Amino acid sequence: MTTTAQPARAEAATITPPRTTTSIGLLILRIVAGAVFAAHGAQKVFEFTLPGTVDAFTAMGAPLPAVTGPAIALLELVGGALLILGVLTRPVALLLAADMVGAIALVHLPAGLWVDGGGVEFVAVLGAAALALAFTGAGSVSGDRLLLRGRLRRFA
């Protein structure tokens, strides 16, 4: 009988946070990013009004401003609320990340980095937060987890 010795397995050099703390971190990220997106959407819908938002999108050179202005306003308002609730997190977050890429490309990039000059700083952070949620999902403290309950785990 021949036996082969198994080499001793080294402990992983990385520390994986417990699932609970990861989900709490995602909850915090969802609430903060979702609240900011929802506030910006509410501003476009209720303060600037949809016709005012269309005018602003026209002035910024956005394509099809009569369509994109209201669509972005509603995406930010409703999408922000959905992020807070953790519902449809991955697709909504991906749409919001694309929204921020558009905002950077059309408006903020020429102004540089700093937010006080209209630069990309704030929009880039929002886009990165949305993209992170698109990749990770909502976590276990979410509407996605409650609604899906084991179905389509990768979606949540």
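All values reported here derive from a predicted model rather than from experimental measurement.
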(Q) Test of understanding: with side-chain contact (heavy atoms from CB on, under 4.5 Å), list the residues that count as partners of A134, not counting sequence neighbours. (A)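 Applying side-chain contact (heavy atoms from CB on, under 4.5 Å) to A134 gives A93, L94.
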Consider only side-chain heavy atoms of I, L, V, M, F, W and Y, link residues closer than 4.5 Å, and tell whether [X] and [Y] are in one cluster.
X    : Y    : answer
L77  : L50  : yes
L88  : L75  : yes
L131 : L95  : no
V123 : V101 : no

Distance-only donor-acceptor hits, side chain of residues 106-116, under 3.5 Å, sequence neighbours excluded:
from : atom 1 : to   : atom 2 : distance (Å)
H108 : ND1    : G118 : O      : 2.8
H108 : ND1    : G119 : O      : 3.4

Q. Can you name the closest pair of heavy atoms from A130 and A97 and give their distance?
A.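 Minimum heavy-atom separation between A130 and A97: CB-N, 3.7 Å.
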Could you give the side-chain donor-acceptor pairs of residues 25-48 under 3.5 Å, partners two or more places apart or in another chain?
from : atom 1 : to   : atom 2 : distance (Å)
R30  : NE     : L83  : O      : 2.8
R30  : NH1    : A138 : O      : 2.9
R30  : NH1    : V141 : O      : 3.0
R30  : NH2    : I84  : O      : 3.2
R30  : NH2    : V141 : O      : 3.2
K44  : NZ     : E76  : OE1    : 2.7

Q: Only pairs at least two apart or in different chains count here, so list each salt bridge (Lys or Arg N to Asp or Glu O under 4.0 Å) that has a residue in residues 99-109.
A: none
(Q) Does anything in residues 51-60 form a salt bridge (Lys or Arg N to Asp or Glu O under 4.0 Å)? List the pairs, not counting sequence neighbours. (A) none
Is a side-chain N or O of [X] found less than 3.5 angstrom from the main chain of [Y], in a donor-acceptor match?
X    : Y    : result
D144 : T89  : yes
S23  : T20  : no
R90  : L133 : no

Residues 56-65 side chain polar contacts: donor-acceptor under 3.5 Å, at least two apart:
from : atom 1 : to  : atom 2 : distance (Å)
T58  : OG1    : V54 : O      : 2.8

